[in-house]
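Convention: sequence-line order gives letters A, B, ...; per-chain numbering from 1.
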Amino acid sequence: MTEKYNPSDVEPRWQRVWRERDVFRAYDDSEKPKFYALEMFPYPSGRIHMGHVRNYAMGDVVARYKKAQGFEVLHPMGWDSFGMPAENAAIATDGHPKDWTYNNIDEMRAPMQRLGFALDWSREFATSDVAYYKTQQQIFLKFWEKGLVYRKTAKVNWDPVDNTVLANEQVIDGKGWRSGAVVEQRDMDQWFFKITNYAEDLLDGLKTLDRWPEKVRTMQANWIGKSEGLQMRFLFEPEDNERIADEILYPKWNEIDPNKENSSSGTLRSDGETIFGSYSGNGKADVEICSDDFFGGLQIFTTRPDTLYGASFLALSPDHPLVKELAKNNSSIENFRAECAKIGTSEEAIAQAPKLGLDTGLRVKHPFDKNITLPVWIANFVLMGYGTGAVFGCPAHDQRDLDFARKYDLPVTPVVLPDGKDAATYEVGDEAYTGEGKLFNSGFLNGLNKSKGIKAAIHKITEMDLGEGVTQYRLRDWGVSRQRYWGCPIPVIKCEDCGSVPVPEDQLPVELPYDINFDKPGNPLDRHPTWKTEGVTCPKCGKAAERETDTLDTFADSSWYFAAFGGSLDQDGNMDWDAASKWLPVDQYVGGVEHAVLHLLYARFFTRGLIDCGLLNVKNGEPFAGLFTQGMVTHAVFTNEDGEYVVPDQVIEKGNQLLQMGTNKIVTKGDIIKMSKSKKNTVDPEEIIKGYGADVARWFVLSDSPPERDVEWTDAGVNGAWNFQKKVWRAVEATTAQGGPLVVAEDASGEALELRKLAHRALEKITAGIEAFRFNTSVAQIYELTNALNKYKGQDAARLEALGILIRAIAPFMPHLAEECWSILMGNGLVYHAPWPEVDPAMLVDDTITLPLQVNGKRRSELNIAKDMPKDEIEKLALADEAVQRSIGDATVRKVIIVPGRIVNIVAK
RNA sequence: GCGGGCGUGGUGGAAUUGGUAGACACGCAAGACUUAAAAUCUUGUUCCUGUAUAGGAGUGCCGGUUCGAUUCCGGCCGCCCGCACCA
């Protein structure tokens, strides 16, 4: 047996065996404990890339390892197949998004299968399958019933390049997450998922996710952005109250409902935002202006009500409804609004923009002191999207307020005295004091600390009926309407009389029409000749009606797919929700950190929604019990002398120079960054599979770097993996001992015993490495074991045992090689079905140990002694050691520290 | 600015209830085999001094705790990621 190991022969052979024996199928009714391993499913772009290989290789290690550990493993694969690239490709190639998508899926499935992942392909689906989106439409309607879906006109993020709306989470630095175009604000009718219902729960749940990276939990917590404080209103001075009532509320009121002239109270709405007010005619109005809720007065939110006595102004966002109304009759306010809008909405430009303000002339009363009147300003640093779009300014204890006050010469009154400062002389300079201290200059709050002051102020304001303690979240509802074709149609019919009406269950799915054209920009569903209107009647009143032409954000598709795998969603749209509940949560989820907020937050929301709709039953509402975010695969970027990117394949080394193949232009090696088509620094996994085999590709992406870190793809590294494959093969080839890899060399002694010990020690560390997601350390131990085996000359039981351990240990990493080796040694059976080898604890302990000897903390020598030698004897031997003696020299031994089994340290001075 | 992470040989990295720093791999050097190359094998490889025995320094920098610190504490410096006028 001296054949060369030939992966292109071996790998397809074992893949066929696995497929024919259907070994990767997961059984819902298995007696074994379940384990759900999942990697974030791919978008079918048409080609797999190294990032995929690394992602799925990691999940596969876990899946195969857990299988060997005796779990019933679910490890499925599918396609996140709705989305814009399909439309763009269709436009570019004059094709159809559906054809493009399903061709891509077929193209990607094959290389994926050639990588030999232990996937249950029987559960495969694509989110663009009618069966899948039909179920999603059912979920949408269930959510609607449960009050988790609503429709409103709202300011939305409009991506002018992709011609669609984006969710807040999809706007990054003021730009669209896909297109990179600067996002515009538009008012549109939108469907929303009420994710804010679960704000508190989503935040709470993070605490239970102890197998998630801290970083991701922090990012989600920040995104939810909980802050507790006081929402309160400042009452206008009487003359301003009248002015607002007469100039704004009354005309508005009239405009909306002229018949209710002079009525005594009511609510006015405009622009999708709300202006609330009670109007009783003739200037006796109780007026409140805000964006969200009804009180009377001007609503603000603060987390520092303890500093209310330090208030010197109120500031409104330029987009505040009151400001908008005032601007209508006031050109300086209108101009100011325009000026603020110029700064744009992106990046740190906002944070560093100079503070701009304009006095509205309006005045409000201080709640605690009738004699204090505060001016109401418009300020560009106040955001309409958070809180009420209005704040009170306390310059002494808020940096922004201080900058603003200094610029516009507003009073700065300190009310928190830092410890050790004197109330009589304390002044605030250019830095606001935000720390702890005792309140002063603050009436009834004097002497209290920060937290007591906050409580007391909230209590007082509540008593005065001016406000209450509230919790604010940064999280806002998830806008899911997209003006695109290639997505899940929103199952709604729009009726002139009845408004938005759900499509009845028996009329689902609302299927996408195939005959569409992309001649014009915009949504082809909207201008389809028949789909929108033909035969469409209102399910409620029967009158002719129109379909909703928006489709759902594709992030909805990926928010429940993990449940569809568990429930074996079939092509008729049937799925077993009980089975889904049984498999969930996903025990180990693996994917990129770029989904830390978007996908992972939406999926947590959906799971809660599905539980509340009675479809799922998952503990804690958490879909992913364990999450691992893997690093990227990087590669150097090469540029030639013309500044063009050069693909790595075309770079050749000549002497000390890099040259471009063919042109012989000099090539420079640049940054090592994530593989990307545009930088041409990609390596095609299919080429690697062809040249070296799937096992080598898998081994390489897992070997050197810790999984959470980026790994640099290098030819040398691939070569190393290739050589390792050969080394393992050699260890098997050189074996003539009979008996198979399950032999236990119980009577081993001498070198054989040493090999056994090494094998079991390595096994312990390999196992620990897999458990802790530190595959690189497992790999290192596998190397040691392989090297030891290749040095070992004996053809005996110890060899077979070590080999058996080695092959089972590499099986999760290099499954084809492992199967081939296993079959040679075993003759039958699959290593996939072999149990994980057990560590023999007796092999981990030695009768003799090597004890390092330190003198004053520096290692001088070592001692080979029996493991249970008494301390006083160790001390004697240590002090007698020649090197120790030399180090001690003339000094006196003060102390001898002996840590059994660890170290000896002699202190001498 | 706030939050999180990181800093170890020429390179990727290992080592944490504080106990031999540099496992394993890449690279490099020397040697064996070979007509030659590849492959493979052997040996060496943190730095400095030294033929060697050996000695000294060393985990970003400064300091502290300790018999002993890559690990714990304080203060700097640098890099990466996330959020960013959130009241």
Classify every nucleotide of nucleotides 7-33 of chain B by which part a protein heavy atom approaches to under 4.0 Å, writing B for the base, S for the sugar-phosphate alone and - for neither, in 5'-to-3' order. -----BSSS---BB--BSSS-------

Looking only at the side chain of A/Arg886 (C-beta and beyond, no hydrogens), which of the listed nucleotides B/U42, B/A54, B/C67 gets closest? B/A54

P atom, B/G18 versus B/C2: distance in rounded Å? 31 Å

Which whole number of Å gives the distance between the C1' atom of B/G74 and that of B/U66? 16 Å

Minimum heavy-atom distance A/Lys867-A/Asp846, with the two atoms named: CD-O, 3.2 Å

Specify the separation, in whole Å, of atom CD1 of A/Ile888 and atom C1' of B/C67. 13 Å

If the C1' atom of B/A69 is compared with that of B/G3, how far apart are they to the nearest Å? 28 Å

A/Leu206 CG to B/G4 C1', straight-line distance once rounded to whole Å: 15 Å

Name the stems with RNA chain B in them: runs of three or more consecutive Watson-Crick or G-U pairs, distances under 3.5 Å? B:1-7 with B:77-83, B:10-12 with B:24-26, B:27-32 with B:40-45, B:46-49 with B:54-57, B:60-64 with B:72-76

Using a strict 4.0 Å threshold on nitrogen-to-oxygen distance, state whether A/Arg337 and A/Asp319 make a salt bridge. yes

Of A/Thr302 and A/Glu214, the one whose closest RNA chain B nucleotide lies more 5': A/Glu214

Just by distance, no angles: are the side chains of A/Ser861 and A/Asp881 close enough, under 3.5 Å, to form a donor-acceptor pair? yes

Under 4.0 angstrom, heavy atoms only, what part of the nucleic acid is A/Lys226 near: base, sugar-phosphate, or nothing? nothing

Taking only side-chain nitrogens and oxygens of A/Arg474, does any of them come within less than 4.0 Å of OP1 or OP2 of B/A84? yes

Contact class for A/Val382 (heavy atom, under 4.0 Å): base, sugar-phosphate, or nothing? base

Are more than 12 heavy atoms, taken from residues, nucleotides or ligands other than A/Glu754, located less than 6.0 Å from that residue's CD atom? yes

What integer number of Å spans the P atoms of B/G22 and B/U46? 9 Å

Taking atom P of B/C79 as reference, at what distance in whole Å does atom CD1 of A/Ile672 sit? 18 Å

For the ring pair A/Phe313 and A/Phe404, is the centre-to-centre distance below 6.0 Å? yes

Pick the P atom in B/A87 and in B/C6, then give their distance to the nearest Å. 27 Å

For A/Phe234 and B/A87, give me the distance from atom CZ to atom C1', rounded to whole Å. 12 Å

What do you reckon, are the aromatic ring centroids of A/Phe700 and A/Trp722 less than 6.0 Å apart? no

Taking B/C86, B/U40, B/C85 as options, the one with an atom nearest any side-chain atom of A/Tyr386 is B/C86

Answer syn or anti for B/G9, where the cut-off is 90° from 0 on the glycosidic torsion. syn

On the 0 to 90° scale, with breaks at 30° and 60°, tag the A/Tyr5-A/Trp729 ring pair as parallel, tilted or perpendicular. tilted

Given the P atoms of B/G7 and B/U45, what is the spacing between them in whole Å? 26 Å

Respond yes when some side-chain nitrogen or oxygen of A/Arg400 is under 4.0 Å from OP1 or OP2 of B/C86, and no when none is. yes

Please measure how far the C1' atom in B/U51 lies from the corresponding atom in B/G68, and state the result in whole Å. 35 Å

Which of parallel (below 30°), tilted (30 to 60°) and perpendicular (above 60°) describes A/Phe775 and A/Phe773? tilted

For A/Ile300 and B/C86, give me the distance from atom CD1 to atom C1', rounded to whole Å. 14 Å

Name the one of A/Leu356, A/Val382, A/Leu410 that satisfies side chain to side chain contact (heavy atoms under 4.5 Å, CB included) with A/Trp377? A/Leu410

Quick one: A/Met219 CE to B/G5 C1', roughly how many Å, whole number? 12 Å

Please verify the inter-ring angle class for A/Tyr386 with A/Phe301; under 30° counts as parallel, over 60° as perpendicular, anything in between as tilted. perpendicular

Between A/Asp398 and A/Asn222, the residue closer to the 5' end of RNA chain B by nearest nucleotide is A/Asn222

Rounded interatomic separation in angstrom, taking CD from A/Gln399 and P from B/C86: 11 Å

A/Phe301 has an atom CZ; how far is it from atom C1' of B/C86, in whole Å? 9 Å

Using atom P of each nucleotide, how far apart are B/G19 and B/G13 to the nearest Å? 22 Å

Are any of the side-chain nitrogens in A/Glu214 or A/Arg217 under 4.0 Å away from the carboxylate oxygens of its partner? yes

